[in-house]
Amino acid sequence: MTSNGAIALTRFLIEEQRAGHINAELRLLVEVVARACKQISVAVGKGALGGVLGDAGSAGEASINVQGEAQKKLDVLSNEILLEANAWGGHLAGLASEEMDHSQPIPDSYPHGNYLLLFDPLDGSSNIDVNVSVGTIFSVLRCPEGVTAVEDSHFLQPGTAQVAAGYCVYGPQTTLVLTVGHGTHAFTLDREVGSFVLTVRGIHIPEDTKEFAVNMSNQRFWEPPMQAYVGDLLAGKEGPRGKDFNMRWVASMVADVHRILTRGGIFSYPLDSKCAAKGGKLRLMYEANPMSLLVEQAGGAASTGRQRMLDVQPSGLHQRVPVFLGSKHEVEAAVGYHARHDTAA
Ligand code: AHG
Ligand code: MN
Ligand code: MN
């Protein structure tokens with residue numbers, strides 16, 4: 001405990017190790033990711049003064065990632081910060097990122113560890129240039145036994161196999177939210193001291209909510225059960241749900257999920273006819289799965305609309321899925337609309 005009674009991330013992790021929840025290697029891994037997030041937070045905070053705004057690429061040519069999306073300078077920089085920080089510590093066997101076509105094994109010049117790290121280095125890219133919250137999302141898996149040369153296929157484990165997951169949101173405050181499978185906890189960055197301090201131990205998402213998050217501009221492209229579900233939310237007190245709902249959409253998953261962990265709600269990026277061929281908009285391995293573990297560990301629920309998210313067997317590193325997560329009863333309600341629709345069909 002420091003003089004003001006604060007528990008730093010370092011102490012929290014040592015206590016998790018003593019409790020048998022993590023080993024020293026996983027503790028190091030989380031510390032390294034947290035340190036990289038501090039660096040990203042500094043870069044994000046500099047904005048135009050640091051020359052980090054705008055698109056990546058050169059000679060007027062936009063840089064395009066494997067998703068077919070134009071990369072921002074901060075997407076590329078954050079990816080580099082995470083790669084560099086995690087290369088040499090000896091805690092990883094390999095890494096995979098939204099911004100890289102394929103996974104990368106740890107170079108042979110460094111010792112290899114037992115874990116695999118996946119990340120969305122900068123989530124909410126469309127908000128970078130307008131000074132709205134963005135973040136980093138990460139997921140940790142065990143490297144399968146006996147693997148010496150890590151390939152993409154070794155990452156294709158269901159969300160239930162995650163040994164840790166978290167995100168860092170760069171907003172008015174920089175907050176790291178973490179689970180190692182024993183609850184979900186929040187740490188606020190003390191900018192003067194430079195350390196993450198435990199500010200919420202054991203987050204609990206209220207089971208019921210009156211707030212939903214979805215990009216309503218996609219309404220006409222949604223599937224019938226989603227149309228029916230949101231139609232009933234909008235009908236409010238006079239409708240079948242019997243209460244008025246409020247709506248929020250930051251368009252940074254980290255910020256929307258952080259609000260839900262703080263005060264409840266349902267977040268949804270459903271299937272729509274624009275993204276149906278790709279399976280959805282959000283990525284399973286480094287967006288949906290880590291967020292789903294954090295939400296479940298906080299007493300919430302996470303689903304594709306038709307299956308528990310953490311049970312999805314991945315088929316590709318950059319696989320996309322429909323996402324419904326947040327307050328348990330509200331996610332169950334959304335899933336119910338899909339089940340009734342599918343049964344009737
Ligand atoms: P990323 O910036 O990592 O590509 O992710 C953006 C995602 C997610 O953060 C957000 O919920 C969603 O895209 C917003 O999508 P719309 O712009 O379609 O609302
Ligand atoms: Mn993202
Ligand atoms: Mn991203």
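All values below were derived from every heavy atom in this structure, side-chain atoms included, with hydrogens, water molecules and symmetry-related copies excluded. All ligand and atom numbering here is 1-based and tracks the order in the structure.
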ring-ring contact (aromatic ring centres under 6.0 Å, His included) partner of F267, chosen from F212, F324, W249: W249
Parallel, tilted or perpendicular, as decided by the 30° and 60° cut-offs, for the rings of H182 and H21: parallel
Which N, O or S atom of E287 lies nearest to the Mn ion (ligand 2), by name: OE2
The Mn ion (ligand 3) neighbourhood, protein N/O/S only, threshold under 2.8 Å: E98 OE1, D120 OD1, L122 O
Distance, nearest 0.5 Å, that separates CD of E151 from NE2 of H102: 11.0 Å
Modelled atom types, side-chain donor and acceptor of R320 and Q67, under 3.5 Å: yes
Geometric class of the H258/Y167 ring pair [parallel <30°, tilted 30-60°, perpendicular >60°]: perpendicular
Under 4.5 Å side-chain linkage, directly or through intermediates, the cluster mates of V32: L28
Contacts of S126 that satisfy side-chain hydrogen bond (donor to acceptor under 3.5 Å, both in side chains) - sequence neighbours left out: none
Sub-4.0 Å heavy-atom environment of ligand 1, residues by chain: E69, E98, D120, L122, D123, G124, S125, N215, W249, A251, S252, M253, F267, Y269, K281, L282, R283, E287
Check: F196 ring centre within less than 6.0 Å of F187 ring centre: no
Ion pair R142/E25, N-O distance below 4.0 Å: no
Heavy-atom donor-acceptor pair, D129 side chain to G54 backbone, under 3.5 Å: yes
